[in-house]
2 protein chains.
Amino acid sequence: MQIVSEQSRKDIHNSDIPVVCLACEARHGGVCGTLTPSQLTELSRHSTRRRVDPGSEMVGQGETTSNYANIIRGVVKLSKMLSDGRQQIVGLQFAPDFMGRPFTRESALSAEAATGIDICAFPRAVVERLVTEAPGLEHRLHEQALKELDEARDWMLTLGRKTAQEKVASFLYLIATHIDPEHGTATEFDLPLSRADIADYLGLTIETVSRQVTKLRKDGVIRVENSRRVIVPDIGRLMRFAGID
Amino acid sequence: MQIVSEQSRKDIHNSDIPVVCLACEARHGGVCGTLTPSQLTELSRHSTRRRVDPGSEMVGQGETTSNYANIIRGVVKLSKMLSDGRQQIVGLQFAPDFMGRPFTRESALSAEAATGIDICAFPRAVVERLVTEAPGLEHRLHEQALKELDEARDWMLTLGRKTAQEKVASFLYLIATHIDPEHGTATEFDLPLSRADIADYLGLTIETVSRQVTKLRKDGVIRVENSRRVIVPDIGRLMRFAGID
DNA sequence: CGATAAATTGAGCCCAATCAAGGCAAGTGG
DNA sequence: CCACTTGCCTTGATTGGGCTCAATTTATCG
């Protein structure tokens with residue numbers, strides 16, 4: 001985790017918005033959109049932009065967190081582990097999601113970069129003070145929590161009741177809709193997760209994931225250029241294989 | 001779903017708190033705790049107390065919701081269904097939880113009374129107006145959402161990675177800690193869910209649930225008075241069977 | 001190119017699902 | 001009061017989907 005930019009965060013006199021925020025890809029999508037220019041300046045003064053390599057752990061299960069962050073680029077996986085090493089990914093976060101569990105110091109899960117990512121990190125104290133001053137900020141965080149809750153519950157149905165085939169199809173559908181939101185009937189994308197990660201997300205083994213991908217390919221539901229690149233000729237057909245309506 | 005009390009909700013001149021709220025078991029635990037007396041009066045003016053019989057559906061998947069509610073007594077199960085009928089319970093709510101998904105009109109899940117329950121229901125419009133006036137209310141709803149998110153993610157680990165034995169033990173542990181919070185090392189309680197519901201919550205079949213309960217009984221982890229009443233002589237041992245630390 | 005990790009494929013097994021039968025308690029009607 | 005039904009739970013026998021273990025193949029990278 002190396003610091004990429006250390007340029008001054010001071011406000012610019014001829015603009016209300018801090019320079020670092022002006023060029024930020026998460027300027028409107030993250031939590032920043034609700035802040036006034038002066039609040040944004042205050043936040044940006046304490047923020048640091050970081051690049052994190054794929055596979056490196058950002059927060060460990062049970063650790064005390066000192067930061068919140070916006071994801072500027074890439075995919076983060078949130079996972080939980082049993083004492084004997086069995087692991088379950090409980091959520092994926094895509095740019096420009098907000099990362100961090102408000103109002104709790106100790107993290108109940110671990111956060112790891114699935115791909116290379118860029119984040120904009122803020123000290124928890126600054127965020128928590130801003131929350132009390134800007135009701136719009138808490139509202140935004142609330143909505144993000146509700147979105148994650150909806151996603152978690154959707155995934156519980158997948159984990160508890162779907163077959164391996166449906167699970168893999170559901171995962172591909174999830175990625176398709178998140179990576180390539182303006183898809184037509186056909187779409188194409190790179191998987192942000194390894195087979196091992198996909199297995200941990202679906203509650204399966206690597207081998208089963210691999211076999212089901214092969215099966216979907218043989219059934220003509222997907223085409224596989226290499227192990228990461230996937231082409232979906234007909235999203236509706238993929239949805240049917242995923243058990244979605 | 002019959003209306004139990006229709007008494008006047010008007011404020012009493014010699015008290016700041018509405019009468020119906022004074023005697024309410026959820027007065028402090030639900031969302032009401034953060035409101036000022038006048039806001040509480042406003043809310044209570046539009047609230048209706050209802051009793052709902054076990055098994056009756058309160059909100060259907062895909063329906064438009066018109067109400068929020070506090071659970072005064074009993075257990076509510078939140079579930080999702082696939083088109084072919086496979087079902088997964090994605091959450092349980094106990095008194096004095098708040099029920100309802102803020103900021104969304106269409107429900108993504110169905111809510112059904114697991115036991116007999118009492119609720120205090122409010123029109124969504126009243127709640128949503130109060131949210132804009134009382135930042136403390138949004139904060140309380142936010143915390144409830146975060147709590148539910150934590151619980152959902154815990155359960156994802158159970159659904160995805162635990163064995164049938166561990167799942168059933170995890171369920172018993174969950175109920176033990178929610179029904180009888182001030183337990184010592186031993187505890188005893190009635191299961192609020194039928195075998196079919198437990199199966200839907202654990203992503204198992206009723207037969208497997210039944211077999212695992214029998215197995216836990218034969219292993220001396222629990223004693224079973226009748227199919228509903230369970231005695232746990234040693235919570236720590238149950239936790240170990242549940243794969244918790 | 002060789003080295004190492006990631007992914008695929010195969011063979012056999014095991015845990016939980018399925019299919020089927022029976023028990024138990026509460027309710028119903030003759 | 002007893003036969004019958006109904007709902008819920010348990011138990012047994014069998015099947016099968018996904019796991020385990022092992023061998024190859026394919027990608028990645030110095």
Side-chain angles (χ1 to χ4, degrees), chain A residues 53-56 77 82 84-88 112 114-116 158-172 190-219 222-230 241 243, chain B residues 53-56 77 82 84-88 114-115 158-172 190-219 222-230 241 243:
Chain A
D53 294 327
S56 91
K77 51 187 216 218
L82 292 170
D84 63 4
R86 280 174 289 175
Q87 201 172 12
Q88 175 68 45
E112 190 177 314
T115 64
T158 299
L159 287 173
R161 289 303 186 195
K162 288 188 186 176
T163 64
Q165 167 109 333
E166 291 169 327
K167 284 182 176 181
V168 171
S170 296
F171 172 75
L172 294 174
D190 280 315
L191 296 176
L193 267 57
S194 68
R195 294 292 187 271
D197 284 340
I198 299 172
D200 280 344
Y201 195 31
L202 295 170
L204 297 172
T205 59
I206 315 179
E207 295 93 327
T208 299
V209 171
S210 180
R211 276 186 254 271
Q212 295 304 331
V213 168
T214 301
K215 197 151 181 299
L216 287 171
R217 179 172 53 73
K218 286 184 176 162
D219 290 345
I222 55 172
R223 290 198 345 256
V224 181
E225 294 219 321
N226 58 57
S227 64
R228 288 288 181 134
R229 186 141 198 95
V230 173
F241 272 76
Chain B
D53 294 327
S56 92
K77 52 187 215 221
L82 291 170
D84 63 4
R86 281 174 289 174
Q87 201 171 13
Q88 175 67 46
T115 64
T158 299
L159 287 174
R161 289 305 186 196
K162 288 189 185 175
T163 64
Q165 167 108 325
E166 291 169 326
K167 285 182 176 180
V168 172
S170 297
F171 172 74
L172 294 174
D190 280 316
L191 296 176
L193 267 58
S194 68
R195 294 294 186 269
D197 284 341
I198 298 172
D200 279 344
Y201 194 33
L202 295 170
L204 298 171
T205 58
I206 36 177
E207 294 94 330
T208 299
V209 171
S210 179
R211 276 186 254 271
Q212 296 303 333
V213 168
T214 301
K215 197 152 181 299
L216 287 171
R217 179 171 53 71
K218 286 184 176 164
D219 289 345
I222 55 172
R223 290 197 347 253
V224 181
E225 293 219 322
N226 58 58
S227 64
R228 288 288 180 137
R229 187 141 198 94
V230 174
F241 272 77

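Note: B:Leu82 CG to A:Arg161 CZ = 9.5 Å, rounded to the nearest 0.5 Å.
Interface remark: the B:Arg211 side chain does form a donor-acceptor pair with the C:dT18 base, using a distance-only criterion of under 3.5 Å. For a distance-only test at 3.5 Å, the side chain of B:Gln165 fails to qualify as a donor-acceptor partner of the base of C:dC15.
Closest heavy-atom contact between B:Val213 and B:Arg195: CG1-NH2, 4.3 Å. Across all their heavy atoms, A:Thr208 and A:Ala164 have their closest contact at CG2-CB, 3.7 Å.
Taking atom CD1 on B:Ile206 and atom C1' on C:dC19, their separation rounds to 12 Å, with Å as the unit. Taking atom CG of B:Leu216 as the reference point, atom P of D:dT10 lies 12 Å away to the nearest angstrom. Protein atom CD of A:Glu166 is 14 Å distant from nucleotide atom C1' of D:dG18, rounded to whole Å. Between the CG atom of A:Asn226 and the P atom of C:dT8 there is a distance of 10 Å, rounded to whole Å. Counting to the nearest Å, the P atom of D:dT11 and the CZ atom of B:Arg217 are 6 Å from each other. Per the geometry, CG belonging to B:Asp190 stands 16 Å off C1' belonging to D:dC9, to the nearest Å. Atoms CZ (A:Arg86) and C1' (D:dG18) sit 16 Å apart, rounded to a whole Å. Atom CG in B:Leu191 sits roughly 14 Å away from atom C1' in D:dC8 (whole-Å rounding).
Nearest-nucleotide positions on DNA chain D for A:Gln212 and A:Arg228 put A:Gln212 closer to the 5' end. Projected onto DNA chain D by closest heavy-atom contact, A:Thr163 and A:Glu225 fall at different nucleotides, the more 5' of which corresponds to A:Thr163.
Between the A:Arg217 side chain and the A:Gln212 main chain, no donor and acceptor come within less than 3.5 Å of each other.
Backbone-only contact: B:Ser227 has heavy atoms under 4.0 Å from sugar-phosphate atoms and none from a base. Among the protein residues, A:Leu204 comes within range of the sugar-phosphate backbone only, with heavy atoms under 4.0 Å from sugar or phosphate atoms but none that close to a base. At the heavy-atom level, B:Ser210 lies under 4.0 Å from base atoms of the strands shown. Using a 4.0 Å heavy-atom criterion, one finds that B:Gly203 contacts the sugar-phosphate atoms exclusively.
If you check C:dA7, C:dA20, D:dT20 against the side chain of A:Glu207, the one that comes closest is D:dT20. For B:Arg195, whose side chain is taken as the heavy atoms from C-beta onward, the closest listed nucleotide among D:dG18, D:dT10, D:dT20 is D:dT10.
When each of A:Val230, A:Asp197, A:Val224 is paired with A:Leu191, the side-chain contact (heavy atoms from CB on, under 4.5 Å) condition holds for A:Val230 and for no other.
Using a 4.0 Å cut-off, some side-chain N or O of B:Thr205 falls inside it from OP1 or OP2 of C:dA17.
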